[in-house]
Enquirer: 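The structure follows.
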Number of protein chains: 2
Amino acid sequence: MVHKWFSATGEVIGVRSPAPSIATAVGTADPSSGPGTEPAAAALLTASPEPLWIQASNVIRSEIDKGALQPGTRLPPERELCAQLNISRVTLRKALAKLVEEGALSATHGRGWYISGAGTATEREWPHTLESFTETARRMRLVPHSRVLRAAAQPASLDEAELLSIAPGTPLFHLDRVRLLDDVPIAIDISAVPLAMAPDLPAVDFETASLYQVLLDAGLNLVRADSTIESREVDPVDAPYLDLDVGKPILLLHQVVLDESGRPVLSSLVKYSGARYRLRTSFTRQPRFDRTAP
Amino acid sequence: MVHKWFSATGEVIGVRSPAPSIATAVGTADPSSGPGTEPAAAALLTASPEPLWIQASNVIRSEIDKGALQPGTRLPPERELCAQLNISRVTLRKALAKLVEEGALSATHGRGWYISGAGTATEREWPHTLESFTETARRMRLVPHSRVLRAAAQPASLDEAELLSIAPGTPLFHLDRVRLLDDVPIAIDISAVPLAMAPDLPAVDFETASLYQVLLDAGLNLVRADSTIESREVDPVDAPYLDLDVGKPILLLHQVVLDESGRPVLSSLVKYSGARYRLRTSFTRQPRFDRTAP
DNA sequence: AAGTGGTCTAGACCACCCC
DNA sequence: GGGTGGTCTAGACCACTTA
């Protein structure tokens, strides 16, 4: 009568009264309000504000993280999972798709779903997007800090206007900072945002605040960052800020960050001290189905 | 979703059905052509080997590329598109999701679907993953070429073994190349692949062949590339290969490429001449739903 | 209140893998 | 053949936006 969740953790799903682990994994899922006679249905419930497919994905993810599902293991068939989780197959597949995107699962057509090694600790160490300065600092347990060189609005020059798709002369908020970790200068960050997009910018103290966070709080949905990365010799102007000899290598990262409608929001040029910083990211490739001949 | 190629595989996709005529079915949004004459039903046909949702996505994409749908424009409501394309709403939404991931569309809950400026020419110039050497060459209309310095199998050292999660001493195929564009040296590429994963490697002529393509042809499904990028001074050994003075800046790109099960397949270290190369990529950020209080 | 996207379902058929 | 994932449908309800 009790439906089991996978192999090792039969207790999590279908058991009404104990069932604490799943409840927490999924969300509120208040069990007290349970109908009392429908144990299996208690697995995932509509009480939670999260969509079912997110909940389902979380349940499976937590099983993996917990170690109940080892890499290489096969998952139960989709139709069986549907029964256990009490959701439709379409919904389950949406949950599985999410986990594929996160690198936690992979499927083979006639064979089944398999746990794929990554997706847990590895995933967190290799972000799918560029690790931000603040994130790096946190990972290395260093204290991030900024020295503000300029934080003021000025009319946009021709070049800046073109870069951000705005009219020349439009008020542009400039933020130039030296970024430090534990008081060691790591990079020079030269950013510009059209003032109209976040009028409160001049009032923020950027010695500690994160520009990215301020923009998100302003309701901007930053979705894409077109980037170029190159290696250069540091020039006499920048060298003292980074405490480098002129001619030493620096890493140049230039980004134009766009919102969901493709509108440029932020232009940023970061000059990292070559010897003190290293960009980290993980590129993924969607599984393709391009058979050359069927 | 974001997210997709990191190798020289841009041209692999087998486009069999050109399907140009269908295009009008979507763009014209002609309300008068109701159920009366049934022209819309001919829009997508099951004769094609491609799934319907791919076909639908291609139709919309071609409308955007063609300019029939300008950035900022609103698409017809989903239910109407379904009727025009003669597919179910679930299928249509899968097609739309693909276009969102490509950055061509975006949706707002109660408002509708909007064309988002990017996704056409821009998209092609800003790949979601690192532009490969071959792709860069093609974009710049230069001729790529390699000088092979080493192409041989050797037992894996301790470091190599750890990097690739194999036993020390396992046969490892080493491929060291100088990569050139129009006969100008651009980079040194030092790669290593466990021989067992592609036993034919030693027989390939890498003066012209692409290592990625060979691995794909061997049936390996390369899915993820954990990467670090840094800036260094070129050392006396590498300098002559790149025709640089010792101490000049180079860009160091190190990647460990994994297959779908998370197994490391390829380790590659590329040293780009700082003055002659610039990495290009477009990072995407998943829309997040981290409200602190619901 | 009407329009629109977001979620979910139950059931169907097909294509692939392995016995 | 039987099991399994991949695709597709028609219809339903909910949540958000706009009026």
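Chain identifiers are assigned alphabetically (A, B, ...) following the order of the sequence lines, protein sequences preceding nucleic acid strands; residue numbering begins at 1 within each chain.
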Enquirer: Can you name the residues that form a side chain to side chain contact (heavy atoms under 4.5 Å, CB included) with A:Pro171, not counting sequence neighbours?
Expert: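 Here the qualifying residues are A:Leu195.
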Enquirer: Any side-chain heavy atom of A:Arg79 within less than 4.5 Å of one from A:Cys82?
Expert: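 Side-chain contact under 4.5 Å: no.
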Enquirer: I'd like a table of atom pairs between the protein and nucleotides 9-11 of chain D - only N or O on both sides, under 3.5 Å - with the distance next to each one.
Expert:
residue: D:dT9; atom: OP2; partner: B:Ser88; partner atom: N; Å: 2.8
residue: D:dT9; atom: OP2; partner: B:Ser88; partner atom: OG; Å: 2.9
residue: D:dT9; atom: OP2; partner: B:Thr91; partner atom: OG1; Å: 2.6

Enquirer: What residues form a salt bridge (Lys or Arg N to Asp or Glu O under 4.0 Å) with B:Arg89, not counting sequence neighbours?
Expert: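 Listed in chain order: B:Glu78.
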Enquirer: Can you name the residues that form a side chain to side chain contact (heavy atoms under 4.5 Å, CB included) with B:Ser165, not counting sequence neighbours?
Expert: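 In terms of side chain to side chain contact (heavy atoms under 4.5 Å, CB included), with neighbours along the sequence ignored, B:Ser165 is linked to B:Pro264.
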Enquirer: Just to confirm, is there a sub-4.0 Å distance from OP1 or OP2 of C:dC8 to any side-chain nitrogen or oxygen of A:Lys94?
Expert: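 It does not, given that no N or O in the side chain of A:Lys94 lies less than 4.0 Å from OP1 or OP2 of C:dC8.
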Enquirer: What protein N or O atoms touch nucleotides 17-19 of chain D N or O atoms at under 3.5 angstrom, if any, and at what distances?
Expert:
residue: D:dT18; atom: OP1; partner: B:Arg111; partner atom: NH1; Å: 3.0

Enquirer: Would you say the side chain of A:Leu164 lies within less than 4.5 Å of the side chain of A:Leu172, judging by non-hydrogen atoms?
Expert: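 In contact.
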Enquirer: Counting only N and O atoms by type, is there a donor-acceptor contact under 3.5 Å from the side chain of B:Ser227 to the main-chain atoms of B:Ala225?
Expert: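 Present.
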Enquirer: Under the criterion side-chain contact (heavy atoms from CB on, under 4.5 Å), I'd like the reasoning laid out for A:Leu201 against A:Leu211: C-alpha separation, chi angles, the key distance, then a yes or no.
Expert: CA-CA 9 Å; A:Leu201 280 174; A:Leu211 174 57; 4.0 Å; yes
Enquirer: Classify the side chain of A:Arg79 versus the base of D:dG3 as yes if they form a donor-acceptor pair under 3.5 Å and no if they do not.
Expert: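 Result: no qualifying N/O pair found.
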Enquirer: Taking only the side-chain nitrogens and oxygens of A:Trp113, find out if one of them lies under 4.0 Å from OP1 or OP2 of D:dG5.
Expert: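 Yes, within the criterion.
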Enquirer: From NZ of A:Lys98 over to P of C:dC8, roughly how many Å is that when rounded to an integer?
Expert: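 Going from NZ in A:Lys98 over to P in C:dC8 covers 13 Å.
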Enquirer: Would the distance check show the side chain of B:Gln255 and the main-chain N or O of B:Ser267 forming a donor-acceptor pair, the cut-off being under 3.5 Å?
Expert: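 No; judged by distance alone, with no hydrogens or angles, the pair does not exist.
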Enquirer: For the side chain of A:Ala107, counting heavy atoms from C-beta on, which of D:dG5, C:dT4, C:dT7 is nearest?
Expert: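 Selected nucleotide (nearest to the side chain): D:dG5.
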Enquirer: State whether A:Arg93 places a side-chain N or O below 4.0 Å from either non-bridging phosphate oxygen (OP1 or OP2) of D:dG5.
Expert: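 No.
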Enquirer: Does C:dT7 have its OP1 or OP2 closer than 4.0 Å to a side-chain nitrogen or oxygen of A:Trp53?
Expert: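 Yes, because at least one side-chain N or O of A:Trp53 sits under 4.0 Å from OP1 or OP2 of C:dT7.
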Enquirer: Round to a whole Å and report the spacing from CD of B:Gln55 to P of D:dT7.
Expert: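 The distance from CD of B:Gln55 to P of D:dT7 comes to 12 Å, rounded to the nearest Å.
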Enquirer: What is the distance from OH of A:Tyr114 to C1' of C:dC18, rounded to the nearest Å?
Expert: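 Distance, rounded to whole Å: 11 Å.
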Enquirer: Could you tell me how far apart B:Glu80 (CD) and C:dA2 (P) are, to the nearest whole angstrom?
Expert: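 About 19 Å, once rounded to whole Å.
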Enquirer: Starting at atom CG of A:Leu96, determine the distance to atom P of D:dT7, rounded to an integer number of angstrom.
Expert: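 Whole-Å distance recorded here is 13 Å.
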Enquirer: Output all residues satisfying salt bridge (Lys or Arg N to Asp or Glu O under 4.0 Å) with A:Lys94, sequence neighbours left out; order by chain, then residue number.
Expert: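 Expected list: none.
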